[in-house]
Amino acid sequence: MTTMTEASVREFKMPDVGEGLTEAEILKWYVQPGDTVTDGQVVCEVETAKAAVELPIPYDGVVRDLHFPEGTTVDVGTAIISVDVGGGSAAPAPAAEQPAAEQPAAAAPAEEPKAAGSGRQPVLVGYGVATSSTRRRPRKGPEVPVQQASTAIQTELNGHAPTAPAPTPAAAQAAPAGPDRPLAKPPVRKLAKDLGVDLTTVVPTGPDGIITREDVHAAVAAAVPAAPEPSVASAPAAAPASYDTARETRIPVKGVRKATAAAMVGSAFTAPHVTEFVTVDVTRTMKLVEELKADKEFAGLRVNPLLLIAKALLVAIRRNPDVNASWDEAAQEIVVKHYVNLGIAAATPRGLIVPNIKDAHAKTLPQLAESLGELVSTARDGKTSPAAMQGGTVTITNVGVFGVDTGTPILNPGESAILAVGAIKPQPWVHKGKVKPRQVTTLALSFDHRLVDGELGSKVLADVAAILEQPKRLITWA
């Protein structure tokens, strides 16, 4: 019987799917052990701090093992799947079927293909190979089994060796620590930490006294007070996104939400924010929206007020180009951009993301409408790529869709201005000397006061308002 050799096994490692990201969460596996895969086939979906990304495998072969379950956060550079590229069986032959002399002393994983001059495998999705690498620390010298070390210590202290039986290999692997530490595998320990469970209080039901996921969930359920109609939500078997009790819900902060929180805190306490407001009559703009919907040039495209607001901001930037800039702290320079990558803040199930339309300043109104439609649909499907969220220069956030009048938006890191658009609704307004119901909205512009002074910020906001009040200025100011 021919068995698969370790030399034919390739370990596919978690790549850096963004710029300098250090970890990613495995959302979904598309393959299982025994499945045949081909070069370029998507094997899993992962979520980084920036977006959800599908990972293709760079080998032809048979899946041997998935190293981590769905819901696990894995460091970049860590092997996540093994593939037999030698055409052997998906599962290794039992050790008992091989003579002891033929068994390798230490199976060395095959090296991954590397980029020239780099210590890491080429990045499959993203923007290049990071200069650093994630490696496991080499083991030094022969290892002393945990129980043997514990026995030696107790013999030194007590004068005699303990009589407790040595743990099985599975138990030693699950918890390589002192004798008082509960036995549990790393994913179970992470689950317990996320749910606030002390493992020393959990009754184990697994083999050799190992604590299982079910034991952790049982401990949480036991701590919830009984009620006539229990409201405890049963958590999924692997890495729940949140956990409900009768009185509160805990949601782990990770992925996009974690990155957004860190970026917003950094922006708020780094860039001195100034926010200005203006209330404007947009009745004519709303009429133009209805006219464009019937125009054959916009057939099949989504036309809404956001389209004209975006175009108004682009015209205002062209009239006031210094607002389209960034602050270079290291060089102590203001970098004025001669292009506009227009960011649109989008709320998704994974959190707030800000993809941007590249070179939006060069697009016609129909092209801008098409780009906005693609951006929104991609964000809703959770398919926004890291590239789409990088390089933005100015952002629009539409809080009006929630019925909110206005807000004080925080700058997207690396940008100098962000425009918040409030709800458009009928209000009494003085028009041609008479009070009439008009379509009115409030705009708010936040800007970085290090590089945008009050005069420049006011001019930009006033230009946007003037265009929305008289949309013919889109032509006269073009």
Looking only at non-hydrogen atoms, find the nearest pair between Val74 and Thr78 and report the distance.
CG1-CB, 3.6 Å

Where do Ala346 and Ala379 come nearest, in terms of heavy atoms and distance?
CB-CB, 4.0 Å

Can you confirm whether more than 12 heavy atoms, excluding those of Arg318, are under 6.0 Å from its CZ atom?
yes

Measure from the side-chain N and O atoms of His273 to the backbone N and O of Leu411, and report whether any donor-acceptor pair falls under 3.5 Å.
yes

Run the salt-bridge test on Glu290 and Lys287 with the 4.0 Å N-O cut-off and return the result as yes or no.
no

Can a donor-acceptor pair be found, under 3.5 Å and without considering hydrogens, that links the side chain of Asp463 to the backbone of Val460?
no

Tell me every residue that passes side chain to side chain contact (heavy atoms under 4.5 Å, CB included) with Gln439, counting only those two or more places apart in sequence or in another chain.
Val282, Thr283, Met286, Ile424, Pro426

pair Leu445-Thr275: side-chain heavy atoms closer than 4.5 Å:
no

I would like to know whether Leu365 and Lys311 meet side chain to side chain contact (heavy atoms under 4.5 Å, CB included); could you show each step before the answer?
CA-CA 7 Å; Leu365 197 59; Lys311 191 63 175 180; 3.9 Å; yes

Give me the atom names and distance for the closest heavy-atom approach of Ser326 to Gly414.
CB-O, 3.3 Å

Expected output: side-chain Asn356 to main-chain Gln390 donor-acceptor under 3.5 Å
yes

Decide whether Thr406 and Thr442 meet the rule of one side-chain donor and one side-chain acceptor closer than 3.5 Å.
no

Answer yes or no: is there a donor N or O on one side and an acceptor on the other, between the side chain of Glu25 and the main chain of Val46, under 3.5 Å?
no

Work out which heavy atom in Val31 is nearest to a heavy atom in Leu66; give both atom names and the distance.
O-CD1, 3.5 Å

Taking Asn320 for its side chain and Ala316 for its backbone only, find out whether a donor-acceptor pair lies under 3.5 Å.
yes

Can you check whether Leu474 reaches Leu308 side chain to side chain, under 4.5 Å on heavy atoms?
yes

With side chain to side chain contact (heavy atoms under 4.5 Å, CB included) as the test, would you mind laying out the steps for Val315 and Ile467 before giving the verdict?
CA-CA 9 Å; Val315 172; Ile467 294 171; 3.7 Å; yes

Is Asp405 paired with Lys425 through a side-chain N to carboxylate O contact shorter than 4.0 Å?
yes

Candidates Val63, Asp65, Ile26 - the one meeting side-chain contact (heavy atoms from CB on, under 4.5 Å) with Ile81:
Val63

Please check this pair: side chain of Glu374 against backbone of Ser371, looking for a donor-acceptor N/O pair closer than 3.5 Å.
no

Answer whether the closest heavy-atom distance between the side chains of Glu297 and Leu292 falls below 4.5 Å.
no

Check: Trp29 side chain, Phe68 main-chain N or O, donor-acceptor pair, under 3.5 Å:
yes

Okay, side chain of Arg438, backbone of Gln427: is any donor-acceptor separation there less than 3.5 Å?
no

Any side-chain donor near an acceptor of the partner, Asn324 and Thr393, under 3.5 Å
yes

I'd like to check Ile357 versus Lys363 (side-chain heavy atoms, cut-off strictly below 4.5 Å). Are they in contact?
yes

Judged by atom type as modelled, is there a donor-acceptor pair below 3.5 Å linking the side chain of Asn412 to the main-chain atoms of Glu415?
no

For Glu54, is there an ion pair with Lys383 - N to carboxylate O distance below 4.0 angstrom?
yes

Count the heavy atoms belonging to other residues, nucleotides or ligands that lie under 6.0 Å from CZ of Arg302, then report whether that count exceeds 12.
no

Side-chain heavy atoms of Val376 within contact of Arg380, under 4.5 Å:
yes

For Thr378 and Thr384, does a side-chain donor sit closer than 3.5 Å to a side-chain acceptor?
no

Between His361 and Ile317, is the side chain to side chain contact (heavy atoms under 4.5 Å, CB included) condition met? List the steps.
CA-CA 9 Å; His361 66 287; Ile317 291 173; over 6 Å; no

Pairwise side-chain contact, Thr397 with Ile418, heavy-atom cut-off 4.5 Å (strictly under)
yes

Side-chain ion pair, Asp84 and Arg64, N-O less than 4.0 Å
no

For Val452, does its backbone N or O pair with a side-chain atom of His449 as donor and acceptor, under 3.5 Å?
yes

For residues 335-343, dump all side-chain donor-acceptor pairs below 3.5 Å to protein atoms at least two apart in sequence or in another chain.
{"residue": "Asn341", "atom": "OD1", "partner": "Asp359", "partner atom": "N", "Å": "2.9"}
{"residue": "Asn341", "atom": "ND2", "partner": "Gly391", "partner atom": "O", "Å": "2.8"}

In the structure I gave you, are the side-chain heavy atoms of Phe447 and Glu276 within less than 4.5 Å of one another anywhere?
yes

Would you call Val9 and Val85 a side-chain contact if the rule is heavy atoms closer than 4.5 Å?
no

Would the number of heavy atoms belonging to other residues, nucleotides or ligands and lying under 6.0 Å from NZ of Lys358 be above 12?
yes

